[in-house]
Amino acid sequence: MVKLESKLPEVGTTIFTVMTRMANEYGAINLSQGFPGYEIDHELKELVDKHIQLGRNQYSPLAGVPELLEAIAHKKKLLYGCDLDPQTEITITHGATEGIFSGLTALIRPGDEVVYFEPAYDAYLPAIQLNGGVGVPIRLKSPNYSIDWEQVRKAISPRTRLIMINSPHNPTGMVWSKGDMLALQEVVEGTDILILSDEVYQHVLFDATAHQSVLAFPELCRRSLVTMSFGKTFHATGWRVGYAIAPPALTRELRKVHQFNTFSINRPFQHALAEYLLKPERYLSLPGFFQEKRDFFRAAIADSPFELLDCRGTYFQSVSYKDYSERSDMDMAEWLTKEVGVAAIPVSAFYSDGTDEQVLRFCFAKEASMLEEAGKRLSKL
């Protein structure tokens, strides 16, 4: 064997793959991996077919097709009141995760510190480490996963290059408030610290909660790279179409990496999305659509022994089972999958040190019949 030293020696197969494989093996209802369990809008599928038939099947421009860039700029003006230059501030990416990885590759250097919040989406820390950065985790305070801003201030050092934020937050369902955004603004004021804001669940909000995008805060916006996702928004995660928004100087650096990473993104999908965005009601109606699913699932498992934690955004419901079992969250997730027939994600997978607070995460972006059956099984515990 050729000697090989891993760049990520502590990283194994992602927990999403592990639990989905287990769900398939045991025939369990898969509420673990975060993908919608229903079809995308038929009109959107027709638009894809239309643009394939029109012959738009070759490479797109590096930054994205102009029609989609302009549609995104119009959408952000409508939502956040910001004026974006489609040609110099928006880049179509291979899903939001590529935007995150390419952004970190462009912006951090070996030894740079990146502050981020745990529990965290599991792609963050490996992307930091692969680029020579040092992850500095800030633990959100359970059970409501609030931010300890004094802890954030203490974490800032002369080596801090970037702060990563995520709202609505995966896996907890926490949503940053305006006060949080202003506190962040205060932390970075007078520094050269950059911000990477993961906002893929921008439309998945409940109870009239407003999305506080960095795009709505000029002092944050000028130092931020924002990543968003059409896959999450329009239930098409397999399309892998996302986008990144940043000031021209940051966008230039992002595109230098992006061009050698993926270069361009699926062209007919881009044209279809550009046309689909012409009707704002298609995304403005999404909070109500997802809240109905959240409320349905919470009602379905109300008689289970699980404690429902607060969920103000994303399509994930976290639950505590500490009063029901002493099992570790990984053991509990495996037991539920094999013996009860419902698969979930153990939240310890989202902590760099494996912190186990006996919390599981369920995805409720599924058909009502699937959620109802999962509720019946869990309520028998």
Side-chain angles (χ1 to χ4, degrees), residues 8 10-20 31-35 96-97 100-101 104 113-129 133-149 151-152 155 162-177 180 184 195-201 204-206 227 229 232 294 306-322 327-334 336 343-365:
L8 296 171
E10 297 178 1
V11 173
T13 304
T14 173
I15 190 64
F16 308 114
T17 299
V18 170
M19 295 311 302
T20 290
L31 303 187
S32 59
Q33 194 169 1
F35 60 86
T97 300
I100 291 168
F101 190 90
L104 288 171
E113 292 181 351
V114 178
V115 174
Y116 69 103
F117 297 86
E118 287 190 337
Y121 176 50
D122 68 345
Y124 293 169
L125 185 56
I128 294 167
Q129 293 172 333
V134 178
V136 180
I138 303 293
R139 182 164 298 182
L140 298 172
K141 296 189 295 182
S142 56
N144 60 350
Y145 298 101
S146 60
I147 301 168
D148 182 340
W149 283 104
Q151 186 183 1
V152 176
L162 186 143
I163 299 175
M164 294 186 70
I165 69 174
N166 173 213
S167 179
H169 182 261
N170 174 21
T172 69
M174 178 271 278
V175 177
W176 282 47
S177 68
D180 289 324
L184 176 63
I195 296 166
L196 198 159
S197 183
D198 178 358
E199 303 182 14
V200 298
Y201 296 102
V204 192
L205 292 153
F206 315 124
T227 57
S229 165
K232 294 292 192 298
R294 182 204 66 169
F306 300 142
E307 176 190 355
L308 290 163
L309 302 183
D310 192 29
C311 175
R312 297 173 57 208
T314 76
Y315 44 56
F316 303 114
Q317 174 65 59
S318 292
V319 303
S320 170
Y321 64 88
K322 62 183 178 182
R327 289 186 176 95
S328 71
D329 63 356
M330 188 66 218
D331 286 345
M332 188 67 175
E334 291 181 353
L336 284 178
I345 293 289
V347 172
S348 63
F350 297 94
Y351 286 95
S352 56
D353 63 358
T355 293
D356 183 354
E357 296 182 313
Q358 295 184 294
V359 174
L360 300 174
R361 190 202 76 174
F362 294 97
C363 175
F364 55 78

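Remember, it's a predicted structure, so these values are computed and weren't measured experimentally.
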> How many angstroms lie between OH in Tyr145 and CG in Leu140, if you round to the nearest 0.5 Å?
Replying inline: 8.5 Å
>> Quick check for you: to the nearest 0.5 Å, what is the distance between Arg312 atom CZ and Arg294 atom CZ?
In response: 10.0 Å
> Which residues pass the salt bridge (Lys or Arg N to Asp or Glu O under 4.0 Å) test with Arg361, sequence neighbours left out?
Replying inline: none
> Can you tell me how far the CD1 atom of Ile163 sits from the CD1 atom of Ile195, to the nearest 0.5 Å?
Replying inline: 6.0 Å
>> According to side-chain hydrogen bond (donor to acceptor under 3.5 Å, both in side chains), who are the partners of Asp180, at least two apart in sequence or on a separate chain?
In response: Trp149, Ser177
>> Test of understanding: with side-chain contact (heavy atoms from CB on, under 4.5 Å), list the residues that count as partners of Asp148, not counting sequence neighbours.
In response: Lys141, Glu150, Gln151
>> Would you compute the distance between atom CD1 of Ile15 and atom CG of Asp122 and round it to the nearest 0.5 angstrom?
In response: 9.0 Å
> Aromatic rings Trp176 and Phe117: how do their planes relate, parallel, tilted or perpendicular, breaks at 30° and 60°?
Replying inline: perpendicular
> Between Gln317 and Leu308, does a side chain to side chain contact (heavy atoms under 4.5 Å, CB included) hold up when you go through it step by step?
Replying inline: CA-CA 8 Å; Gln317 174 65 59; Leu308 290 163; 3.9 Å; yes
> Got a sec, which residues hit ring-ring contact (aromatic ring centres under 6.0 Å, His included) with Phe316, two or more places apart in sequence or on another chain?
Replying inline: Tyr201
>> Among residues at least two apart in sequence or on other chains, which ones pass ring-ring contact (aromatic ring centres under 6.0 Å, His included) with Tyr121?
In response: Tyr124
> So among Ile147, Asn166, Asp310, which one has a side-chain contact (heavy atoms from CB on, under 4.5 Å) with Met174?
Replying inline: Ile147
> Do Asp356 and Gln358 come close enough that some side-chain heavy atom pair is under 4.5 Å?
Replying inline: yes
>> Asn144: which residues meet the side-chain hydrogen bond (donor to acceptor under 3.5 Å, both in side chains) condition with it, sequence neighbours left out?
In response: none
>> Show the nearest heavy-atom pair for residues Ile138 and Ala155, with the distance to one decimal.
In response: CD1-CB, 3.5 Å
> Among all residues two or more places apart in sequence or in another chain, which pass the side-chain contact (heavy atoms from CB on, under 4.5 Å) test with Glu113?
Replying inline: Val134, Val136, Ser157, Arg159, Thr160
>> Test your reading of the model: is there a side-chain donor-acceptor pair from Ser328 to the backbone of Asp331, 3.5 Å cut-off?
In response: yes
> Given side chains that start at C-beta, do those of Val347 and Glu357 come closer than 4.5 Å, heavy atoms only?
Replying inline: no
> Mind checking what makes salt bridge (Lys or Arg N to Asp or Glu O under 4.0 Å) contact with Arg327, not counting sequence neighbours?
Replying inline: none
> By side-chain contact (heavy atoms from CB on, under 4.5 Å), which residues pair with Ser229, not counting sequence neighbours?
Replying inline: Ala96, Val200, Lys232
>> Is the shortest side-chain heavy-atom distance between Val359 and Asp329 below 4.5 Å?
In response: no
>> Tell me the closest heavy-atom pair linking Thr314 and Gly173, and the distance in Å.
In response: OG1-CA, 3.8 Å
>> Do Ile345 and Phe350 make a side-chain contact, defined as non-hydrogen atoms from C-beta onward lying under 4.5 Å apart?
In response: yes
>> Once side-chain hydrogen bond (donor to acceptor under 3.5 Å, both in side chains) is applied, do any residues pair with Thr172, and if so which ones, sequence neighbours excluded?
In response: His169
> Yes or no on side chain to side chain contact (heavy atoms under 4.5 Å, CB included) for Ile128 and Leu104, after CA distance, side-chain angles and deciding distance?
Replying inline: CA-CA 7 Å; Ile128 294 167; Leu104 288 171; 4.0 Å; yes
> Mind checking what makes side-chain contact (heavy atoms from CB on, under 4.5 Å) contact with Glu118, not counting sequence neighbours?
Replying inline: Tyr116, Ala120, Pro137, Tyr351, Ser352
> Do you know which two heavy atoms are closest between Pro346 and Ala344, and how far apart they sit?
Replying inline: CD-O, 3.9 Å
> side-chain hydrogen bond (donor to acceptor under 3.5 Å, both in side chains) with Ser32: which residues, sequence neighbours excluded?
Replying inline: Asn30
> So, does Ser318 use its side chain to make a donor-acceptor pair with the main chain of Pro171 at under 3.5 Å?
Replying inline: yes
